[in-house]
Amino acid sequence: MPTLQRRSWAEPFKIKTVEPLKMTTRREREQFIREAGYNTFLLKSREVYIDLLTDSGTNAMSDYQWAGMMVGDEAYAGSENYYHLEQKVQEYYGYKYLVPTHQGRGAENIISKILIKPGMYVPGNMYFTTTRLHQELAGGTFVDVIVDEAHDSQNEHPFKGNVDLQKFEDLIKRVGANKIAYITIGATVNMAGGQPISMQNLRAVHSLAKKNGIKVVFDATRAMENAYFIKRREKEYEHKSVKEILHEMCSYSDAATMSGKKDLLVNIGGFLALNDSDIFEEARNMVVIYEGLHTYGGLAGRDMEAMARGIEEACQLDHLQARIGQVEYVGNRLIELGIPIVRPIGGHAIFLDAKKFYPQLDQLKFPAQTLAAELYVDSGIRAMERGIVSAGRNKETGDHYFPKLELVRLTFPRRVYTQAHCDVTVESVYEVWNNRSTVNGLTMVYEPKYLRFFQARFEKL
Ligand code: F0G
């Protein structure tokens, strides 16, 4: 019954402060996107109506978090807020040691530099852009060991974030365990469509890794959202709290990199969390070079406080139900309209299948880049390409990677938009879908060397 479903995820908050949105005309948007080189990352935020570019750092903080900002202890060393954050990380995630960083990639840089020696391999359940780049810059080679189902946008597997244990084992046999720096486990898997990994799989990965003396590094960026899926989809966890599930998930790893800008409801912040005292010693030493002293890691005291308080709020069932319920609501409406999206609906975003929107475009006409630009022109909604542009080039051959998934991500900031914004979004996607046959694609006219999707420029074909 639709009415019952709606009640189950009604927002568990009321609005106390608002930020007016800016409206633009279609003609203005045509000009803005041309000037931005048909890259939504290059639009100015004042040119955007509903901003679904990312759920990273775009969250609305609560009054409790804002109050925490006022008790920021802005000491260079030993800030009170560092100890509070450390205590919350230990309590919720269960790791012994904390190294704060300015955001997730700061932690990725440090762990990659410590654990990867040139020539080593780093398997993972699908790549993430910054994670893989730090592994490569440290001399490693990323190997995708996610289940095949993850590469098929229509496959309804409930845990498309799972590792294919056979692929992991084959890699161990092929290169030898001593050539494997560690395995990275993302939860949920962003590039697969926000798809969760199951507890059963996590446990099995951990045991195979341990048997071979391989470390497990957990990307905990959206781990609470993953824990929510485990609660809903894995029978034996139905009655466990999200906090208990999160704790168990983390227990199957040696370390975690974290972008607090997602799950933790803040605008900036991250950390590296560890169990091994030797690696901690090294990380604590290295953070001083790249981020800041080991008790602030590039963050103000107030930022650490907001993140510590965010941990408590983000782990509440009410919050996760409403957050994931909002994404589900949009997804279900799009499915009803016959629009091709990645199934099942993921945790943080809806992923439109651009190959199915534009079968007339081969991948070098950048279907997803094109679709994101079309959506912007239609309504001022900003989405993100997650296809061939994001995948980049093979560092050995210099060729484009041609990912199977050519997607546009509609990413939902936490606690920011209302159901009416969701409805406007659905209507705009539907309009663009109905006009799909008139579209000719793009050509790339400028390509940066690293993480090209951020700054690449295109022209209309
Ligand atoms: N890991 C995952 C799974 C991520 O999604 C991100 C960031 C990072 C690591 C890096 O964290 O941005 O704090 O340095 N994802 C953002 C996104 C950028 O839009 O999906 P960061």
Side-chain angles (χ1 to χ4, degrees), residues 39-41 45 51-59 99-112 122 124-137 142 144 146 150 160-161 184-197 217-226 249 253 255-273 287 290-291 297-299 303-304 306-307 310 327 342 346-351 368 372 382-387 389-392 405 407-414 416 450-455:
N39 185 346
T40 51
F41 278 103
S45 107
D51 204 347
L52 306 182
L53 184 71
T54 177
D55 63 331
S56 180
T58 51
N59 305 302
V99 180
T101 57
H102 77 286
Q103 59 184 80
R105 68 198 72 178
E108 291 168 353
N109 176 39
I110 292 169
I111 198 73
S112 301
V122 193
N125 54 347
M126 204 173 264
Y127 82 100
F128 183 71
T129 53
T130 57
T131 321
R132 184 179 67 189
L133 181 59
H134 279 299
Q135 293 164 355
E136 289 176 352
L137 291 173
F142 172 82
D144 187 4
I146 203 166
K160 281 164 98 173
T184 340
I185 298 298
T188 60
V189 181
N190 192 352
M191 302 302 276
Q195 303 294 331
I197 179 170
V217 176
F218 192 41
D219 181 341
T221 296
R222 296 183 185 83
M224 288 185 190
E225 291 174 2
N226 196 117
M249 291 169 73
S253 69
T257 55
M258 180 70 195
S259 170
K261 300 171 73 174
K262 283 77 165 178
D263 261 359
L264 303 188
L265 299 166
V266 289
N267 304 121
I268 192 71
F271 56 78
L272 177 64
V287 76
Y290 295 104
E291 306 278 321
L299 295 171
D303 298 327
M304 292 190 282
M307 192 154 57
V327 177
V342 172
H348 65 305
I350 296 299
F351 290 73
R382 168 153 72 171
M384 183 194 290
E385 194 264 9
R386 292 275 87 151
V389 185
S390 296
L405 299 178
L407 307 174
V408 166
R409 190 181 73 174
L410 305 172
T411 337
F412 290 82
R414 295 164 190 78
V416 171
Y450 299 116
L451 303 176
R452 64 184 183 180
F453 57 95
F454 284 130
Q455 288 142 350

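Every number for a ligand or one of its atoms is a count from 1 in the order of the listing.
The distance criterion of under 3.5 Å between nitrogen or oxygen atoms is not met by Met384 with respect to ligand 1. Any N or O atom pair closer than 3.5 Å counts here, and Asp219 shares at least one such pair with ligand 1. Checking only distances, Thr130 never comes within under 3.5 Å of ligand 1, N or O to N or O. In terms of polar-atom proximity, defined here as any N/O pair under 3.5 Å, Arg386 makes no such contact with ligand 1. At under 3.5 Å, not a single nitrogen or oxygen of Asp55, backbone or side chain, sits near a nitrogen or oxygen of ligand 1.
At the top of the distance list for atom 21 (P) of ligand 1, counting protein heavy atoms only, stands Gln103 NE2, 3.2 Å. Ranking the protein heavy atoms by distance from atom 6 (C) of ligand 1 puts Phe128 CE2, 3.2 Å first. The nearest protein atom to atom 13 (O) of ligand 1, hydrogens excluded, is given as Ser259 OG, 2.6 Å; this is a heavy-atom distance. The protein atom (non-hydrogen) at minimum distance from atom 9 (C) of ligand 1 is Glu108 OE2, 3.1 Å. Nearest non-hydrogen protein atom to atom 16 (C) of ligand 1 is Lys262 NZ, 3.2 Å.
At a threshold of 4.5 Å between non-hydrogen side-chain atoms, the residues Val389 and Phe454 do not count as touching. Side-chain contact check for Ile197 versus Asn125: some heavy-atom pair is nearer than 4.5 Å.
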**Request:** Give the C-alpha distance, both sets of side-chain angles, the deciding distance and a yes or no for side-chain contact (heavy atoms from CB on, under 4.5 Å) between Asp303 and Val266.
**Result:** CA-CA 8 Å; Asp303 298 327; Val266 289; over 6 Å; no

**Message:** Please evaluate residues Gln455 and Phe41 with respect to the criterion side-chain contact (heavy atoms from CB on, under 4.5 Å), reporting the C-alpha separation (whole Å), side-chain torsions for both, the decisive distance (0.1 Å), and the verdict.
**Reply:** CA-CA 7 Å; Gln455 288 142 350; Phe41 278 103; over 6 Å; no

**Request:** Evaluate the side-chain contact (heavy atoms from CB on, under 4.5 Å) criterion for residues Phe453 and Arg386: first the C-alpha distance (whole Å), next the side-chain angles of each, then the deciding distance (0.1 Å), finally the verdict.
**Result:** CA-CA 9 Å; Phe453 57 95; Arg386 292 275 87 151; 3.2 Å; yes

**Request:** Start with the C-alpha gap between Leu265 and Arg414, add the side-chain angles, then the distance that decides, and say whether side-chain contact (heavy atoms from CB on, under 4.5 Å) holds.
**Result:** CA-CA 7 Å; Leu265 299 166; Arg414 295 164 190 78; 3.6 Å; yes

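Just one residue in the list Thr184, Thr131, Thr257 forms a side-chain hydrogen bond (donor to acceptor under 3.5 Å, both in side chains) with Glu108, and that residue is Thr131. Remark: of the listed residues Asp263, Thr411, Thr54, Asn190, Asn190 is the sole one forming a side-chain hydrogen bond (donor to acceptor under 3.5 Å, both in side chains) with His348.
Residue contacts with ligand 1 for Arg409 involve side-chain atoms from C-beta outward but no N, CA, C or O (heavy atoms, distance under 4.0 Å). For Arg105, heavy-atom contacts with ligand 1 shorter than 4.0 Å involve the backbone as well as the side chain.
Counting atoms of ligand 1 from 1 in the listed order, those under 4.0 Å from a heavy atom of Lys261 are 13 (O). Atoms of ligand 1 found under 4.0 Å from any heavy atom of Gly104 (numbered from 1 in listed order, with element): 11 (O), 13 (O), 14 (O), 21 (P). Short contacts between ligand 1 and Thr221, defined as distances under 4.0 Å to a heavy atom of the residue, involve ligand atoms 1 (N), 2 (C), 9 (C). With ligand atoms numbered from 1 in the order given, ligand 1 contributes 17 (C), 19 (O) to contacts under 4.0 Å with heavy atoms of Thr54.
Taking a 6.0 Å sphere around OH of Tyr450, one finds it holds 12 or fewer heavy atoms contributed by other residues, nucleotides or ligands.
Ionic pairing of Asp55 and Arg222 is present here: one or more N-O contacts between side-chain nitrogen and carboxylate oxygen are shorter than 4.0 angstrom.
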